[in-house]
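Beneath this line is the structure, given in structure tokens, with notes to follow.
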Amino acid sequence: MDNQSQKVKVLIKDWGTKEVAPGTLVLELLHQASGKLAKETLAVKVGNKIIDLNTPINNDMELKVLTFDDAEGAQVYRHTASHVMAQAVKDLYANVRLGIGPSIRDGFYYDFDLTQAINPEDLPKIEEQMKKIIKDDLPLERIELGRGEAIKLFSDMGEKYKVELIEDLDEGSTISCYRQGDFIDLCAGPHLPSTGRLKAIKLLNLAGAYWRGDERRPMLQRIYGTVFPKAKLLEEYLQQLEEAKRRDHRKLGRELDLFSFHEEGPGFPFFHPNGIIIRRELENFWREEHRRAGYQEIETPIILNRKLWEQSGHWDHYQENMYFTKIDQQDYAVKPMNCPGAMLVFKAGMYSYRDLPLRLAEMGLVHRHEKSGTLHGLMRVRSFTQDDAHIFMLPEQIEDEVARVFDLVDKFYHIFGFEYNIELSTRPEESMGSDEMWEKATTALQNVLIKKNIPYTINEGDGAFYGPKIDFHLQDSLGRTWQCGTIQLDFQMPEKFDLNYVARDG
RNA sequence: GCUCACGUAGCUCAGUAGGCAGAGCGUAUCCUUGGUAAGGAUAAGGCAACCGGUUCGAAUCCGGUCGUGAGCUCCA
């Protein structure tokens, strides 16, 4: 009877119930349940929390096992690999300070601050050291500390970035660390029970990365890698990468003689006869779809007077990205956006509320000075023809129109088989207009997404200087994402350009 | 812009104790062959991205400029 009351009952989802003595570790429980289960499980999920396998069980609970096939399981697996890599780097180099080392889609990375530069030839060496650590099968131990203790621990180690991270956490919060061998790292966890669980590792490439992604802060050295529980899976993944390289549009563009780039114009694509054939077909399709969706086509000039750009706000807020020229002693700018031109088109006419919404579409050639390091084939250029449209509408038409634009964008991407995800970009630091306008515009966009039941993430502070936007991020063949289409809501341009229509009440 | 790597014929690349610049594919001409990126022969094509330095001598070492590639919070 006493025996009974000492046991705790654990329901393992999709497996059954197991009773064990209190204090039993999750891993032991799994062993008792099934060897296979113990071997494949990387962590378990209790409610919404994922916990380590070497957490003691003290109460009755329900848990779900996570294996490599679960996204969350793979994350745990790869996060542990990042710790092992950090340990290896610390073993091999002096004066290493750690940044962050999360798991990412298909792998992991870790950022290091060290005086010596890591070269591509060093990666195999680091890999070897990782394999040693894996072979040692070091257990990962979770240690919980108070905030003050944690700050002391990491400042004693000279880990200034970790200290900064801890300082950003709440005053009273408990800080967790993970230790394997003599390596200790600040980490929320969870982790694999021991390093020996890692199998097929591969360090892929290295790159610079600003601390916290902020170009005003120091640049750290980032190593990317991946890991799989089976060599075969790693092989497949590497093959897939090779396969994707063959589909790289830059390679296809050259081989099919579609377009080229030249030193004489970095970021300015040259389209060849074959490329133009494709382009014209796309344009024909574009025209047909836009006509059907109620758009009228316009075309506005590429070079316009400085006054226009001052009026639109580009002069103050977008100048760094613009190109300039002089005509007859006067300043002109090459357009980076089509909006001001479209405003002038609207202004040239006289419209009644009955004419709204007025949908003006344009294939506008724009030029923008993008940072040299961001250029990439046709995906990131300094001049491109934008499939652009400006819709002039009544306040009560906003949500319907935005939804229509959304559907049109989706239609195009869907036809060409693009996967995308949606971000809602909010007010940036460098911007104009009142809080109230921004609030109103952001809410309107958000409402459309909610009504259409579209999953999205918020990209704080990444809106245009004149308004918030819904961004479509497309995936390329290599799984990288690029912001392409955007739907922007702008209450300011019409005001700045003094655009009017005749309302119902005259 | 910043970090690291790279920059050799149209394309893919080889060429390290610094000593006269190479291959495959492609191109041109010719031959062979009735078949869907066929075979053979010959040829053209590079001021080694550019500028400067070290050296008797540099593609090869050093510096600068330009360009290309990977990446620059998928959060401890």
Side-chain angles (χ1 to χ4, degrees), chain A residues 71-72 74-75 78-79 82-83 86 98-114 116-123 142-145 147 150-151 153-154 159-170 173-178 184-191 203-224 241 245-246 248 250-257 260-268 272 320-321 369-377 379-380 382 421 423 457 459-462 473 475 478-481:
Chain A
E72 290 165 321
Q75 270 172 32
R78 288 170 166 154
H79 192 182
S82 87
H83 277 222
L98 303 177
I100 59 169
S103 72
I104 54 175
R105 208 161 59 89
D106 297 336
F108 60 88
Y109 68 79
Y110 215 114
D111 289 343
F112 305 98
D113 181 356
L114 69 175
Q116 197 183 337
I118 299 177
N119 293 314
E121 306 87 71
D122 299 332
L123 295 182
R142 183 185 171 93
I143 301 162
E144 297 191 344
L145 302 168
R147 194 159 167 278
I151 289 175
L153 175 69
F154 284 98
E159 291 287 2
K160 59 177 179 181
Y161 301 103
K162 297 293 180 186
V163 172
E164 187 182 323
L165 291 172
I166 300 167
E167 279 169 348
D168 282 353
L169 297 174
D170 288 339
S173 54
T174 303
I175 314 290
S176 61
C177 301
Y178 279 78
I184 187 159
D185 193 5
L186 173 72
C187 186
H191 275 285
L203 300 187
L204 297 169
N205 43 30
L206 63 177
Y210 294 107
W211 170 236
R212 301 202 145 183
D214 183 343
E215 62 187 10
R216 287 163 303 195
R217 302 207 206 209
M219 173 153 287
L220 311 179
Q221 301 188 57
R222 174 172 297 179
I223 304 179
Y224 285 91
L241 285 185
K245 276 186 198 159
R246 267 178 247 150
D248 190 318
R250 291 166 298 183
K251 191 172 155 71
L252 294 173
R254 196 171 46 236
E255 288 173 353
L256 301 176
D257 201 12
S260 62
F261 285 91
H262 304 274
E263 290 201 6
E264 290 81 350
F268 301 118
H272 298 194
E320 284 179 9
N321 294 296
H369 182 256
E370 301 288 352
K371 287 189 211 167
S372 58
T374 62
L375 301 178
H376 179 100
M379 293 305 273
R380 197 66 166 188
R382 284 180 170 160
N421 49 308
E423 287 185 6
T457 54
N459 195 352
E460 209 70 60
D462 204 40
H473 290 254
Q475 259 184 46
L478 300 169
R480 297 178 293 200
T481 60

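Here is the naming used below: chain letters follow the sequence lines, and residue numbers restart at 1 for every chain.
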Check every atom of U12(B), G67(B), A76(B) against the side chain of Arg254(A) and return the nucleotide holding the closest atom.
U12(B)

Under a 3.5 Å cut-off for both distances, is G52(B) Watson-Crick or wobble paired, and to whom?
C62(B)

Any strand, both distances under 3.5 Å, Watson-Crick or G-U wobble: U16(B) pairs with none

Taking OP1 and OP2 of C75(B), is either one under 4.0 Å from a side-chain nitrogen or oxygen of Arg212(A)?
no

Hunt down the Watson-Crick or G-U wobble partner of A44(B), both distances under 3.5 Å, from any strand shown, or write none.
none

Looking at every strand, decide which applies to Leu204(A) at a 4.0 Å heavy-atom threshold: base, sugar-phosphate, or nothing.
nothing

Atom CD1 of Ile100(A) to atom C1' of U73(B): distance rounded to whole Å?
5 Å

Regarding G1(B), can its base be found pairing with the side chain of Tyr210(A) as donor and acceptor, where the two atoms are less than 3.5 Å apart?
yes

Taking the side chain of Ala188(A) as its heavy atoms from C-beta onward, which of A76(B), G1(B), C74(B) lies nearest to it?
A76(B)

Phosphate OP1/OP2 of A76(B) contacted by Arg142(A) side-chain N/O (<4.0 Å):
no

May I ask you to verify if any side-chain N or O of Asn119(A) is less than 4.0 angstrom from the OP1 or OP2 atom of A5(B)?
yes

Counterpart base for G10(B), defined by Watson-Crick or G-U wobble contacts under 3.5 Å
C25(B)

Mind checking if Arg105(A) touches a base, just sugar-phosphate, or nothing, with heavy atoms under 4.0 Å?
base

Suppose you measure atom P in C62(B) against the same atom in G46(B); what distance do you get, rounded to whole Å?
29 Å

Taking any heavy-atom pair under 4.0 Å as a contact, classify Ser103(A): base, sugar-phosphate, or nothing.
sugar-phosphate

Please work out if Leu186(A) contacts a base, only the sugar-phosphate, or nothing of the nucleic acid, heavy-atom cut-off 4.0 Å.
base

Taking any strand in view, what nucleotide pairs with U33(B) in a Watson-Crick or G-U wobble way, both distances under 3.5 Å?
none

Tell me what Arg480(A) touches on the nucleic acid: a base, only sugar-phosphate, or nothing, going by heavy atoms under 4.0 Å.
sugar-phosphate

N/O (side chain, Arg250(A)) to phosphate O (OP1/OP2, G69(B)) under 4.0 Å:
yes

Identify the nucleotide, in any strand shown, that forms a Watson-Crick or G-U wobble pair with U3(B), with both distances under 3.5 Å; if there is none, say none.
A70(B)

Determine the interplanar angle of the His83(A) and His79(A) rings, folded into 0 to 90°, and report it as parallel if under 30°, tilted if 30 to 60°, perpendicular if over 60°.
perpendicular

Counting only heavy atoms not in Glu320(A), do more than 12 fall under 6.0 Å of its CD?
no

With a cut-off of less than 4.0 Å, is there a side-chain N or O of Tyr224(A) near OP1 or OP2 of C4(B)?
no

Whole-Å P distance, A21(B) and A49(B)
14 Å

Starting at CD1 of Ile223(A) and ending at P of C4(B), how long is that distance when rounded to a whole Å?
14 Å

Select base, sugar-phosphate, or nothing to describe what Leu169(A) touches, counting heavy atoms under 4.0 Å on all strands.
base

OP1 or OP2 of A70(B) sitting under 4.0 Å from any side-chain N/O of His376(A)?
yes

Between A70(B) (C1') and Asp248(A) (CG): distance, integer Å
12 Å

